[in-house]
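Start at 1 with the first residue, then count along the sequence.
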Amino acid sequence: MPHLFATSDLHVTHEGNGPILDDVVPETPGDWLLVAGDVAERAEAVIGTLKTLRERFAKVVWVPGNHELWTTKNDECQLRGQARYEYLVEQCRAIDVVTPEDEFPVWRHGPRPLTIAPLFLLYDYSWRTPEAEGKSLEEALRQAREAGVVCTDEYFLHPDPYPSRQAWCEDRLKISTGRLDAIPEDHGTILMSHWPLHRHPTAPLYWPEFALWCGTTKTEDWHLRYRAEIAVYGHLHIPRTTEADGVRFEEVSLGYPREWRKRARGPVPLRRILWPS
């Protein structure tokens with residue numbers, strides 16, 4: 001019987017992370033893999049890695065992280081914003097990797113069907129520190145800069161053709177809500193996204209100001225609203241299992257070598273999140 005695995009933030013082009021991809025392997029021929037973003041920055045590396053994983057697993061489901069959406073000078077693909085996302089979706093379809101634009105797959109190896117919903121949502125700067133709550137975005141960003149925190153997205157993640165990342169996020173929320181509302185009511189869900197859907201996983205952040213770039217208040221009830229059994233995410237590089245309202249949240253990131261080398265268990269590039277009952 002198959003198992004459901006998940007991973008994120010493989011950052012395969014970082015020195016020390018590339019060889020770890022060899023450890024991302026299934027236990028049975030029917031195993032599925034969820035990839036919750038930040039495979040790499042360069043489009044070629046993203047697609048090449050996903051192709052390798054698809055050759056190993058029976059099904060691979062991917063959502064983009066912020067790093068996939070960066071447009072950097074050392075990437076042959078210079079597409080920006082929505083055009084870059086659409087290009088990655090097109091390339092994933094060519095190698096049979098499921099994206100947020102495809103039909104949601106259903107996991108049927110448990111007590112009830114679980115629709116796996118890959119979500120591309122971004123963030124809207126609504127997760128604020130107490131000092132920034134109720135203030136303008138400009139003031140919240142000023143406070144973050146003063147604390148020494150500026151996400152690299154501000155330089156490389158372009159929202160084109162949207163006027164802002166917030167506007168792009170708002171559109172993605174509308175698209176995703178429509179698709180989630182259409183899931184049969186007798187199905188549970190596994191909600192997978194790069195950015196966490198709920199604020200609680202950001203509590204351990206060393207720099208709380210970084211939460212600005214981590215999600216949106218508009219998804220805080222989605223784990224209940226859409227009958228989630230598990231919410232899978234990455235981005236924070238704080239791999240752990242938590243719970244909110246009786247729903248399991250799984251942060252499945254590998255992270256950077258400077259992070260996983262500090263952990264007693266070392267690098268953990270693959271997490272089993274479901275197995276047949």
Side-chain angles (χ1 to χ4, degrees), residues 5-11 14 16-17 20 34-39 63-68 119 121-135 137 139-154 157 165 169 190-224 228-273:
F5 290 94
T7 187
S8 77
D9 299 77
L10 290 171
H11 296 289
H14 278 256
N17 273 15
I20 294 175
L34 310 183
V35 183
D38 278 10
V39 174
V63 295
N66 51 318
H67 283 242
E68 279 101 339
L119 304 171
L121 300 173
L122 285 164
Y123 50 85
D124 60 6
Y125 302 95
S126 57
W127 287 355
R128 307 288 185 85
T129 61
E131 295 76 16
E133 201 65 53
K135 304 290 179 60
L137 174 58
E139 173 60 17
L141 290 171
R142 187 198 67 78
Q143 291 181 17
R145 286 193 299 270
E146 192 172 81
V149 181
V150 179
C151 182
T152 311
D153 291 0
E154 296 296 315
L157 202 169
R165 297 177 195 87
C169 174
I190 296 174
L191 304 178
M192 62 172 293
S193 54
H194 179 65
W195 296 272
L197 299 177
H198 194 274
R199 178 72 184 266
H200 83 269
T202 67
L205 286 174
Y206 187 79
W207 302 106
E209 293 83 1
F210 187 71
L212 280 170
W213 294 275
C214 292
T216 169
T217 57
K218 294 178 180 177
T219 61
E220 62 185 9
D221 69 340
W222 281 21
H223 59 294
L224 297 175
E229 187 159 317
I230 309 171
V232 177
Y233 66 98
H235 189 57
L236 303 181
H237 295 197
I238 309 174
R240 61 185 183 136
T241 301
T242 57
E243 187 177 292
D245 305 305
V247 176
R248 178 158 51 103
F249 281 70
E250 294 281 0
E251 211 278 21
V252 296
S253 64
L254 169 63
Y256 299 126
R258 68 174 183 269
E259 295 165 329
W260 54 254
R261 282 174 179 150
K262 296 177 182 177
R263 300 172 188 144
R265 59 183 178 173
V268 181
L270 190 63
R271 294 271 297 279
R272 182 169 58 182
I273 62 169

Check the pair Lys218 / Glu220 against salt bridge (charged side-chain N to carboxylate O under 4.0 Å, His left out), numbers first and verdict last.
CA-CA 6 Å; Lys218 294 178 180 177; Glu220 62 185 9; over 6 Å; no

Does the side-chain contact (heavy atoms from CB on, under 4.5 Å) test come out yes or no for Trp222 and Leu121, once each step is laid out?
CA-CA 12 Å; Trp222 281 21; Leu121 300 173; 3.9 Å; yes

Give the intermediate values and the outcome of side-chain hydrogen bond (donor to acceptor under 3.5 Å, both in side chains) for residues Thr242 and His200.
CA-CA 9 Å; Thr242 57; His200 83 269; 2.7 Å; yes

Show your working on side-chain hydrogen bond (donor to acceptor under 3.5 Å, both in side chains) between Asp153 and Tyr123 and close with a plain yes or no.
CA-CA 11 Å; Asp153 291 0; Tyr123 50 85; 2.8 Å; yes

Step-by-step side-chain hydrogen bond (donor to acceptor under 3.5 Å, both in side chains) determination, Glu209 to Thr129
CA-CA 6 Å; Glu209 293 83 1; Thr129 61; 5.5 Å; no

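In this structure, Leu10 and Asn17 have side chains that are not in contact, with every pair of non-hydrogen atoms separated by 4.5 Å or more. Phe210 places none of its side-chain heavy atoms less than 4.5 Å from the side chain of Thr202. Using a 4.5 Å heavy-atom cutoff, the side chains of Val268 and Trp260 are not in contact. When side chains are defined from C-beta on, Ile273 counts as touching Leu34, because their heavy atoms get closer than 4.5 Å. For the pair Phe249 and Arg240, the minimum side-chain heavy-atom distance is 4.5 Å or more. Counting heavy atoms from C-beta outward, Leu254 and Ile20 have side chains that approach closer than 4.5 Å. Looking at heavy atoms from C-beta onward, Leu119 lies out of side-chain contact with Trp195 at the 4.5 angstrom threshold. Using a 4.5 Å heavy-atom cutoff, the side chains of Leu191 and Thr219 are not in contact.
A donor-acceptor pair under 3.5 Å links the side-chain atoms of Glu259 to the main chain of Tyr256, judged by distance alone. Arg261 places no side-chain N or O within donor-acceptor distance of the main-chain N or O of Pro267, the cut-off being under 3.5 Å. At distances below 3.5 Å, not a single donor-acceptor pair connects side-chain atoms of Asp9 with backbone N or O atoms of Gly255. In terms of modelled atom types and a separation under 3.5 Å, the side chain of Ser8 and the main chain of Ser253 share a donor-acceptor contact. With Asp38 contributing its side chain and Asn66 its backbone, the two residues share a donor-acceptor pair below 3.5 Å. Between the side chain of Arg128 and the backbone N or O of Lys135, at least one donor-acceptor pair lies under 3.5 Å. A distance-only check finds a donor-acceptor pair linking the side chain of Asp124 to the backbone of Ser126 [under 3.5 Å].
Arg248 and Glu229 are not joined by a salt bridge, as no carboxylate oxygen comes within less than 4.0 angstrom of a charged side-chain nitrogen.
Ring to ring, Tyr233 and His194 are not that close: their centroids are 6.0 angstrom or more apart. Here His11 and His237 bring their ring centres to under 6.0 angstrom of each other.
Contact record, His223 with Asp245: NE2-OD2, 2.7 Å, taken as the closest heavy-atom pair. Shown here for Pro239 and Arg265, the closest heavy-atom pair between the two residues is O-NH2, 3.5 Å. Summarising the geometry of Cys214 relative to Leu236, their closest heavy-atom pair is SG-CD2, 3.6 Å, with the distance given to 0.1 Å. Scanning all heavy atoms of the two residues, the minimum distance from Leu212 to Ala140 falls at CD1-O, 3.9 Å. Contact record, Gly234 with Ala36: N-CB, 4.4 Å, taken as the closest heavy-atom pair.
Between the CD atom in Gln143 and the CD atom in Glu131 there is a gap of 6.5 Å [rounded to 0.5 Å]. A distance of 12.5 Å separates CD in Glu146 from CG in Leu141, rounded to the nearest 0.5 Å. For the atom pair Trp127 CH2 and Thr217 OG1, the distance stands at 8.5 Å (nearest 0.5 Å).
The closest side-chain donor-acceptor pair between Thr152 and Glu154, if any, does not fall under 3.5 angstrom.
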